[in-house]
Amino acid sequence: MKNSLIGLALALLTGAAAPLAFANDTPTTPEPTVAERLNTAREAIKARKWSQAVAELKVAAREEPRNADVHNLLGYSYRLQAKPDLARAFEHYGIALKLNPRHAGAHEYIGEAYLMDKKPAEAEKHLAELEKICGNNTCEEYADLAKAIANYRVQNPN
């Protein structure tokens with residue numbers, strides 16, 4: 001009887017230990033960091049793969065909801081996809097600017113979104129903000145938005 005109890009105990013211990021040993025040997029792949037997701041999204045943006053960029057950035061936004069760069073690029077991706085979603089673009093640019101009112105990229109991109117929405121006066125407000133942020137009118141974001149506004153005015157003279 002005693003031997004059978006010892007045998008049962010050993011069988012139970014061996015059986016219980018097997019899943020633990022297996023679990024320790026199972027390789028795990030760590031989830032990408034927000035920085036890695038941003039890099040992947042930037043590569044997708046360069047390749048104009050908007051849905052991939054949006055997918056990466058949505059996860060990054062859930063993981064770091066107070067990351068202005070994530071929201072800025074999410075707005076950018078929504079704005080430039082095949083069927084622009086300006087409502088979502090404005091939402092994310094707004095979040096980026098709330099988190100960082102001096103985010104030059106968000107000011108440039110929201111200004112360009114306002115031009116798409118046929119609101120050049122709103123775009124010019126962001127151009128003025130860029131001049132304050134940059135301390136001049138030569139930074140890249142200012143120059144790009146100024147050029148976009150000038151092109152808009154040529155195409156829409158009234």
Side-chain angles (χ1 to χ4, degrees), residues 18-157:
L20 293 176
F22 178 74
N24 287 336
D25 292 342
T26 305
T28 59
T29 305
E31 286 294 314
T33 65
V34 170
E36 290 168 335
R37 289 192 185 283
L38 270 169
N39 287 336
T40 300
R42 285 185 177 107
E43 290 301 315
I45 287 168
K46 285 179 188 173
R48 304 182 67 77
K49 294 180 180 178
W50 307 115
S51 59
Q52 180 186 356
V54 167
E56 288 291 335
L57 292 164
K58 284 169 83 172
V59 174
R62 277 194 303 273
E63 292 176 9
E64 280 188 24
R66 299 189 51 78
N67 186 318
D69 291 334
V70 168
H71 287 285
N72 180 50
L73 289 179
L74 197 46
Y76 183 84
S77 298
Y78 279 126
R79 177 171 61 94
L80 292 179
Q81 61 191 0
K83 185 179 178 192
D85 188 339
L86 289 181
R88 283 192 172 159
F90 282 122
E91 173 189 351
H92 288 282
Y93 291 140
I95 293 169
L97 290 170
K98 183 177 179 185
L99 294 170
N100 180 1
R102 296 181 56 81
H103 196 292
H107 280 288
E108 175 191 347
Y109 295 157
I110 197 170
E112 292 170 355
Y114 277 121
L115 295 175
M116 289 175 73
D117 204 25
K118 299 182 181 353
K119 296 178 181 173
E122 293 299 318
E124 288 174 351
K125 290 177 186 177
H126 289 278
L127 186 65
E129 285 301 313
L130 282 168
E131 187 170 12
K132 290 178 195 172
I133 292 166
C134 297
N136 58 44
N137 57 9
T138 60
C139 70
E140 181 181 354
E141 294 85 357
Y142 181 95
D144 289 349
L145 183 55
K147 182 178 177 183
I149 291 170
N151 289 340
Y152 179 89
R153 295 278 184 214
V154 168
Q155 295 171 3
N156 303 279

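Below, each value reflects all heavy atoms present in this structure, side chains not excepted, and no hydrogens, waters or symmetry copies.
For Lys49, the side-chain contact (heavy atoms from CB on, under 4.5 Å) partners are Ala44, Ala47, Gln52, not counting sequence neighbours.
Annotation: side chain of Thr33 is in contact with side chain of Glu36 (closest heavy-atom distance under 4.5 Å). Using a 4.5 Å heavy-atom cutoff, the side chains of Asn72 and Ile110 are not in contact. Two residues are said to be in side-chain contact when any heavy atoms from C-beta on lie closer than 4.5 Å; Leu127 and Glu131 fail this criterion. A heavy-atom distance below 4.5 Å is not found between the side chains of Glu64 and Val70. Put simply, the side chain of Arg88 does not reach to within 4.5 Å of the side chain of Gln81, judged on heavy atoms. Between Pro120 and Arg153 there is a side-chain heavy-atom pair separated by less than 4.5 Å.
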Fill in: Steps toward side-chain contact (heavy atoms from CB on, under 4.5 Å) verdict (Val34, Val59)
CA-CA 8 Å; Val34 170; Val59 174; over 6 Å; no

Practice prompt. Decide side-chain contact (heavy atoms from CB on, under 4.5 Å) for Ile95 and Glu91; before the verdict, give the C-alpha distance in whole Å, the side-chain angles of both, and the deciding distance to 0.1 Å.
Written response: CA-CA 6 Å; Ile95 293 169; Glu91 173 189 351; 4.3 Å; yes

Fill in: From CA spacing to verdict: side-chain contact (heavy atoms from CB on, under 4.5 Å), Glu112, Tyr114
CA-CA 5 Å; Glu112 292 170 355; Tyr114 277 121; over 6 Å; no

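Between Arg42 and Glu56 no salt bridge is recorded (no basic side-chain N to carboxylate O distance below 4.0 Å).
Residue Asn137 holds its CG atom at 4.5 Å from OH of Tyr142, rounded to the nearest 0.5 Å. Atoms CD and OG1, from Glu31 and Thr29 in turn, are 9.0 Å apart once rounded to the nearest 0.5 Å. Taken from CG in Leu73 to CG in Asn67, the straight-line distance is 9.0 Å, to the nearest 0.5 Å.
Remark: side-chain polar atoms of Asp117 are not paired, donor with acceptor, to backbone N or O of Ala113 under 3.5 angstrom.
Residue Tyr93 is tested with Arg79, His103, His71 for a side-chain hydrogen bond (donor to acceptor under 3.5 Å, both in side chains); the sole match is Arg79. Under the side-chain hydrogen bond (donor to acceptor under 3.5 Å, both in side chains) rule, Glu122 has a single partner from Lys125, Lys119, His126, which is Lys125.
Contact detail for Leu145 and Glu108: the closest heavy-atom pair is CD1-O, 3.8 Å. Contact record, Asn100 with Ala68: CB-CB, 4.0 Å, taken as the closest heavy-atom pair. Taking both residues in full, the closest heavy atoms of Ala53 and Ile45 are given as CB-CG1, 3.7 Å, listed atom of the first, atom of the second, then distance. Nearest approach of Leu57 to Ser77, heavy atoms of both residues: CD1-OG, 3.8 Å. Closest of all the heavy-atom pairs between Ile133 and Pro101 is CD1-O, 4.0 Å. Nearest approach of Pro65 to Leu99, heavy atoms of both residues: O-CD1, 3.8 Å.
Taking the six-membered ring wherever Trp is involved, the centroid distance between the rings of Tyr78 and His92 falls below 6.0 Å.
Crowding of Glu63 atom CD: a count of heavy atoms from other residues, nucleotides or ligands under 6.0 Å exceeding 12.
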